[in-house]
2 protein chains.
Amino acid sequence: MALGDAILACLTERPMTGYELAKTFDSSIGFFWKADHQQIYRELSKLRDRGYIQGREVVQSGKPNKLVYTLTPEGRTALRHWAARPSTPASTKDDLLVRLHALDSIDIEPLRADLMARLEHHRDRHANYERILKKRFPDGTAEGKLDLGNLLLLRLGARHEQMVADFCEEALEALSAMSGKATVVPLEDSKREGKG
Amino acid sequence: MALGDAILACLTERPMTGYELAKTFDSSIGFFWKADHQQIYRELSKLRDRGYIQGREVVQSGKPNKLVYTLTPEGRTALRHWAARPSTPASTKDDLLVRLHALDSIDIEPLRADLMARLEHHRDRHANYERILKKRFPDGTAEGKLDLGNLLLLRLGARHEQMVADFCEEALEALSAMSGKATVVPLEDSKREGKG
DNA sequence: GGCGCATATGCGTCAATGTGCATATGAGGC
DNA sequence: GCCTCATATGCACATTGACGCATATGCGCC
């Protein structure tokens, strides 16, 4: 139960509804853990069944009533126990890397386009991290423990995006250099046989 | 079908049995894509059903007969089509990062132990990448397209491990600095000396 | 003779995850 | 009146993944 623990971790900050959690998983914690609202609601049900969180219905007019979830002492304990177990290093699982592994069996042009898109993507994310860092930690230091964790995470995120962006650039350059001196070949699709 | 495509990518190099693939997924491509042999055999059945690979039984004595799988032209085409689609950037999903997000609600000592274990883990992997790089690409350049892909991947892997290892070190230092000046409760200091 | 190990393939089950669809309503635009 | 957007919750189905277990055999070790 990894997503469940991520949700518990979020709820340590403040009580939230599923909807708010979904938005959180779209920004802050979502930078390193993706989950859509369906997953989150499903997991919330489980966590409630286990007594780790407690829902309080807030009646609203004009909108559907909402369920604000709060960590129970049991939930807090469960989170602590989970966090005390050794973590398992996750593997990357990035499509792009698999493609590079089979570089000589795939078409280069779409790969190039993909690399360019990814370059932009990772640059955007890097800029986003830097923006948040400057806003939340203008002097680069953290006060409390909670802040320290987030500062470290933001720095890691920024560096990671920077590194992947650099990688995309390098890969693009290497591809250009290679197609300059070797098997470019593309566009041989006008067959002499078919047209006439 | 992501694992399936990773398998197809592996089979572009040479025909392999499920067993060999499992070993491959334990080393080279396994650096960025984990899969155990059960998953691989299941996926191989699917790929065979779809006509993307073809199994040839090799009778052996002393060992169970083996099934050597070869890419079919259809499989090659499928791989090219898959590789021509834009890739989806994967999210990190690392337990350790979730724990840091909830830093003020968890126990620090197990986290510290975890960070130290992870530091060693990522250093080992970094050393491993560097070793392979020196062995396969002593002068840091690649000849063909296949080599280029692998060179890029190895470099990315090395840098990634280096970065995460650095991160672990930093986090450990920050935790020490913090526990020096703030809340963190040592286990049981009946001796209350300190500086006075 | 029994034990573990490497080789070699595979099934069954359950948890985790991904994708699509369903429901409910007020606000604002066409 | 109809459509879309934002809010707010949730089910159903399929895929993927993790884990245990089963089968078969030769080899070296004790």
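Quick note on labels: first sequence line is chain A, next is B, and so on, each numbered from 1.
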Picking from [options], which would you name as closest to the side chain of [X]?
{"X": "B/Leu67", "options": "C/dG10, C/dA6, D/dT16", "answer": "C/dG10"}
{"X": "A/Tyr19", "options": "D/dA8, D/dG10, C/dT9", "answer": "D/dA8"}
{"X": "B/Tyr69", "options": "C/dG10, C/dA6, D/dT7", "answer": "C/dG10"}

Rounded to whole angstroms, how far apart are [atom1] on [X] and [atom2] on [N]?
{"X": "A/Lys93", "N": "C/dA16", "atom1": "NZ", "atom2": "P", "result": "15 Å"}
{"X": "A/Tyr41", "N": "C/dA22", "atom1": "OH", "atom2": "C1'", "result": "14 Å"}
{"X": "A/Asp26", "N": "D/dA6", "atom1": "CG", "atom2": "P", "result": "13 Å"}
{"X": "A/Arg50", "N": "C/dA15", "atom1": "CZ", "atom2": "C1'", "result": "10 Å"}
{"X": "B/Lys66", "N": "C/dG10", "atom1": "NZ", "atom2": "C1'", "result": "18 Å"}
{"X": "A/Gln38", "N": "D/dG10", "atom1": "CD", "atom2": "P", "result": "12 Å"}
{"X": "A/His37", "N": "C/dG20", "atom1": "NE2", "atom2": "P", "result": "12 Å"}

Quiz prompt | Heavy-atom donor-acceptor pair, A/Thr72 side chain to A/Gly51 backbone, under 3.5 Å | solution = yes
For the residue pair [X] and [Y], establish whether any side-chain heavy-atom pair is separated by less than 4.5 Å.
{"X": "A/Leu115", "Y": "A/Arg112", "answer": "no"}
{"X": "A/Asn128", "Y": "A/Ile132", "answer": "yes"}
{"X": "B/Met163", "Y": "B/His122", "answer": "no"}
{"X": "B/Leu11", "Y": "B/Ile7", "answer": "yes"}

Side-chain N or O of [X] less than 4.0 angstrom from OP1 or OP2 on [N]?
{"X": "B/Lys23", "N": "C/dA8", "answer": "no"}
{"X": "A/Thr17", "N": "D/dT9", "answer": "yes"}
{"X": "B/Gln39", "N": "D/dA18", "answer": "yes"}
{"X": "A/Gln60", "N": "D/dA8", "answer": "yes"}

Practice problem: Hey, which sits more toward the 5' end of DNA chain D by its nearest nucleotide, A/Arg42 or A/Arg48? | Solution: A/Arg48
